[in-house]
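By convention here, the first residue in the shown sequence is residue 1. If you're wondering where the values come from, they're calculated on a predicted model, not measured in any experiment. Just the heavy atoms: all of them, side chains too, but no hydrogens, waters or symmetry mates, feed the values below.
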Amino acid sequence: MALQCSFFFIPCMLLLSSLVTARADTITDGELLSSMIGVQGLIYCKQGSKLTPLQGAVARVTCETADEYGYEGEDVTVLSQATDAKGYFLATLSPSEVKGLKKKVIKIKECRAFLELSPADTCSYPTEINRGISGAILQTYRLLENKLKMKLFTVGPFVFSPEETQDKSIPDGY
């Protein structure tokens, strides 16, 4: 009987350990780009009270950098792939892309995700919902333990509207 229990115990433990491959963490200053990062989210069009996934929209991720001495460097910007039929986007940034810019040691200080482009003329105005205009700060990620070892951040959902809104919640920087 003991042999049968251990025979089933090991595969069960392997199955359970494979299911627990992602964990949530927060970033600390300068350690963001120790592995590949990914930013995912959804983009919608809001017409009245109706939200519709916006296919073909693009998000932008911009990261502030510092050199090896801590001085502010050039921002690094990547665009997401166009959203799919469900409004889903994914933008990725790898350490080799950043180091290839100036062949220097670069630290990523802070990254933000923004609304960038709507393919629909009838729904082309970005809104501040979930900081789509001012930028959603990347804070908490899940570590995907696949061969890429990606830190996956989730933002949004972001929203475009058919008309410009006078949103009072947009921070003015002060």
Side-chain angles (χ1 to χ4, degrees), residues 22 24-27 29-33 35-66 72-102 106-144 146 148-174:
D25 282 319
T26 57
I27 60 172
D29 193 31
E31 66 92 18
L32 177 64
L33 207 56
S35 64
M36 178 175 264
I37 66 166
V39 180
Q40 69 176 356
L42 297 169
I43 300 178
Y44 292 105
C45 174
K46 182 178 181 183
Q47 294 179 316
S49 62
K50 184 179 178 187
L51 283 176
T52 307
L54 192 55
Q55 184 172 5
V58 176
R60 173 174 47 98
V61 178
T62 300
C63 300
E64 297 175 8
T65 65
E72 199 172 297
E74 295 178 25
D75 288 352
V76 175
T77 298
V78 293
L79 297 177
S80 71
Q81 296 285 335
T83 54
D84 64 12
K86 295 180 181 178
Y88 176 81
F89 72 86
L90 176 68
T92 59
L93 180 64
S94 69
S96 61
E97 289 175 298
V98 173
K99 288 180 183 171
L101 294 175
K102 296 285 184 182
I106 295 177
K107 290 186 177 183
I108 300 292
K109 292 169 46 176
E110 181 179 83
C111 294
R112 293 176 182 261
F114 303 85
L115 280 170
E116 180 69 15
L117 174 71
S118 170
D121 291 337
T122 58
C123 196
S124 60
Y125 293 98
T127 68
E128 184 57 10
I129 295 172
N130 294 316
R131 300 183 68 84
I133 296 172
S134 62
I137 298 173
L138 306 187
Q139 293 178 338
T140 303
Y141 62 86
R142 289 183 357 182
L143 184 59
L144 300 181
N146 56 14
L148 295 177
K149 300 236 185 269
M150 181 185 291
K151 294 177 181 177
L152 183 63
F153 296 85
T154 302
V155 295
F158 292 145
V159 179
F160 281 99
S161 75
E163 56 193 30
E164 205 162 5
T165 59
Q166 300 298 327
D167 194 344
K168 305 281 191 263
S169 67
I170 298 175
D172 59 6
Y174 296 103

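- Contact annotation: the side chain of Val159 never approaches that of Asn130 to less than 4.5 Å [non-hydrogen atoms, C-beta and beyond].
- Take Pro162 and apply the side chain to side chain contact (heavy atoms under 4.5 Å, CB included) test, not counting sequence neighbours, and it matches Gln47, Cys123.
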Side-chain donor/acceptor pairs under 3.5 Å, residues 52-62, sequence neighbours excluded:
| from | atom 1 | to | atom 2 | distance (Å) |
| --- | --- | --- | --- | --- |
| Arg60 | NE | Glu116 | OE1 | 2.7 |
| Arg60 | NH1 | Thr62 | OG1 | 3.1 |
| Thr62 | OG1 | Thr77 | OG1 | 3.2 |

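- Here the CD atom belonging to Glu64 is positioned 13.5 Å from the CD atom belonging to Glu74, to the nearest 0.5 angstrom.
- Here the options are Ile129, Thr127, Leu51, the test is side chain to side chain contact (heavy atoms under 4.5 Å, CB included), and the partner is Tyr44; only Leu51 passes.
- Here the shortest heavy-atom pairing between Cys63 and Leu93 reads SG-CD2, 4.1 Å.
- Atom SG of Cys111 is separated from atom CD1 of Ile37 by 4.5 Å, given to the nearest 0.5 angstrom.
- By the side chain to side chain contact (heavy atoms under 4.5 Å, CB included) test, Leu152 is found to be paired with Gln40, Leu90, Arg142, Leu144, Met150, residues two or more places apart in sequence or in another chain being considered.
- In this structure, Asp75 CG and Glu110 CD are separated by 10.0 Å, a value rounded to the nearest 0.5 Å.
- Atoms CZ and CG, on Phe89 and Leu115 in that order, are 8.0 Å from each other to the nearest 0.5 Å.
- Of the possible donor and acceptor atoms, one in the side chain of Glu128 sits under 3.5 Å from a partner among the backbone N and O of Ser134.
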How far apart are the C-alpha atoms of Thr83 and Tyr88, what are their side-chain angles, what is the distance that settles it, and do they pass the side chain to side chain contact (heavy atoms under 4.5 Å, CB included) test?
-> CA-CA 5 Å; Thr83 54; Tyr88 176 81; 5.9 Å; no
